[in-house]
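So you know, we letter chains A, B, ... as the sequences are listed, proteins then strands, and number each from 1.
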Amino acid sequence: MEELLAARTAVSGTVAAAKQSGNDAKAQARMAEGREIGDRIKVAEARRAETEGELTSLLLQFPNVPLPDVPTGGESANVVVRSWGTPRLGEGLRPHWDLGETLGILDLARGAKVAGAGFVTLRGEGSRLARALVQLMLDLHTREHGYEEVAIPFAVNRAAMIGTGQFPKFEDEQYAIRDADLFLIPTAEVPITNLYRDEILDAAWLPHGFAAYSPCFRREAGAAGKDTRGLLRVHQFDKVELVRYCTPEESAHELERLTAHAEAVLTRLGLPYRVVLLAAGDTGFASAKTYDLEVWAPGVGRWLEVSSCSTCTDFQARRANIRYRSAPGKPPRFIHTLNGSGVAIPRVLAAILEHYQEPDGTVRVPDALRPYLGADRLE
RNA sequence: GGACAGGUGGCCGAGUGGUUUAAGGCGCACGCCUGGAAAGCGUGUGGGGGUGAAAGCCUCUCGCGGGUUCGAAUCCCGCCCUGUCCGCCA
């Protein structure tokens, strides 16, 4: 291919030279020669483009490779690496949907009426509680953990979805905006990680953390019938997301930091939780290693996943072409990206209702939330 | 949504079919000069791919994609983005 291109350039040069010296016959001959080379270039280029297209679409199908310290196997091979707090146990603890409806802060029926099952409406103190949680988390991460807060688009284009790994494999799981080629974000990770797509960053800027509030939209195709009650699995939910950009050398340590930042939310709220290292088979498509944070919800008697902290190593950076330069003159290298919820609002709200419920049906407000809510009890 | 104007290297900016390695400037880096600095002078200064031990060399890249042509930053078509004005709207 390159030889052909070089040959064309050479022949074009002789055409120019021949014309200038007034040698029309020679110019004509050279032009014919050039035409022939041009035809061969078209054929070769078409084949190259086709092959390259096939290769790219094939490569986009491959998931990230788990790190060596990730256990092999499926969900049953997950490992609880630590836990915090004492799960509340006892008879008569009510599930959050029961408490929420009784308190008048959760309106599942009317949410379903306007958008469908899985779209929840919070009311009154419920709505304020959700807002207080967002506020608490953003304040914590920006003031104490050093994150830069960003307010990002809630819809993204196709390139962004490819960059973080949702597309092409999981296009069915996203909400698409008809006729616009835009997609509602399943997590703020998508817009935040893509902020620096096709850029080369200065090493001095790394590591850098972003925190953002956003709603998240998920079709949950294939999950129909599972966890459908209350706030456990919904099509739209609010979340504070953490994303970190760093060098490859930093990423292992950065994952521990990120996880600790998300955990701080739960300790601040006084909610018992455990940290689960996911086995390879349970780790997400873009992730090389993931810790799930699960909070105890005594009303439903289950651990609820409220955060998934992952290092994507250079997987997303390669797709989104995000690089950095370690020093002037050095060739650019791919950064590593990490993300984790810090944390998801509905499930943590459910856990608060269930964990802090009183026998009389009221709910104590965790100390950390009182300044934000201006109340110490929901009744 | 409509009209117009634009998109060129880190930045500004010239370039409207070929002597092609994209002028010039700014910034930056290094060197010379200096007691030291500034100024001045000189050299260098994006990314991808290939080749090589390295220096280097080859090649692609002027918003993106197609087309015309022997040859495209330059001409044609489509799209994206930015600006200005109009319309609409929180």
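Whole-Å rounding puts the Asp198(A) CG to G48(B) P distance at 12 Å. Following rounding to the nearest Å, Tyr196(A) (OH) and G47(B) (C1') show an atom-to-atom distance of 19 Å. Atoms CD1 (Ile200(A)) and P (G48(B)) sit 6 Å apart, rounded to a whole Å.
Atom name P, nucleotides C57(B) and C75(B): the rounded distance is 33 Å, in whole Å. C30(B) and G83(B) have their P atoms separated by 37 Å, given to the nearest Å. Distance noted for atom C1' between C12(B) and C85(B): 26 Å (whole Å). Here, G15(B) and G87(B) have their C1' atoms 38 Å apart, quoted to the whole Å. C88(B) and G2(B): their P atoms are spaced 15 Å apart (whole Å). Nucleotides A38(B) and A29(B) have their P atoms positioned 10 Å apart, rounded to a whole Å.
Stem regions for RNA chain B, each three or more consecutive Watson-Crick or G-U pairs with both distances under 3.5 Å and listed by first number, read B:1-7 with B:80-86, B:10-12 with B:24-26, B:27-32 with B:40-45, B:46-51 with B:56-61, B:63-67 with B:75-79.
In this structure, the side-chain contact (heavy atoms from CB on, under 4.5 Å) partners of Arg131(A), at least two apart in sequence or on a different chain, are Arg128(A). Tyr175(A) meets the ring pair (Phe, Tyr, Trp, His ring centres under 6.0 Å) test with no other residue; sequence neighbours excluded. Here Ser83(A) pairs with Arg274(A) under the side-chain contact (heavy atoms from CB on, under 4.5 Å) rule; sequence neighbours left out. Residues meeting the side-chain contact (heavy atoms from CB on, under 4.5 Å) test with Asn157(A), sequence neighbours left out: Ala159(A), Ala160(A), Leu182(A), Arg197(A). Judged as a side-chain contact (heavy atoms from CB on, under 4.5 Å), and not counting sequence neighbours, the contacts of Asn78(A) are Glu75(A), Val276(A), Leu278(A), Ala279(A), Asp282(A).
Scanning residues 316-325 of chain A for heavy-atom distances under 4.0 Å to RNA chain B yields Arg323(A), Arg325(A).
Aromatic pair Phe210(A)/Tyr245(A): centroids less than 6.0 angstrom apart.
Sequence neighbours left out, the pairs with a member in residues 74-112 of chain A that pass ring-ring contact (aromatic ring centres under 6.0 Å, His included) are Trp84(A)-Tyr273(A). Annotation: side-chain hydrogen bond (donor to acceptor under 3.5 Å, both in side chains) contacts involving residues 101-116 of chain A, sequence neighbours excluded, comprise Arg94(A)-Thr102(A), Asp107(A)-Arg110(A), Asp107(A)-Arg123(A).
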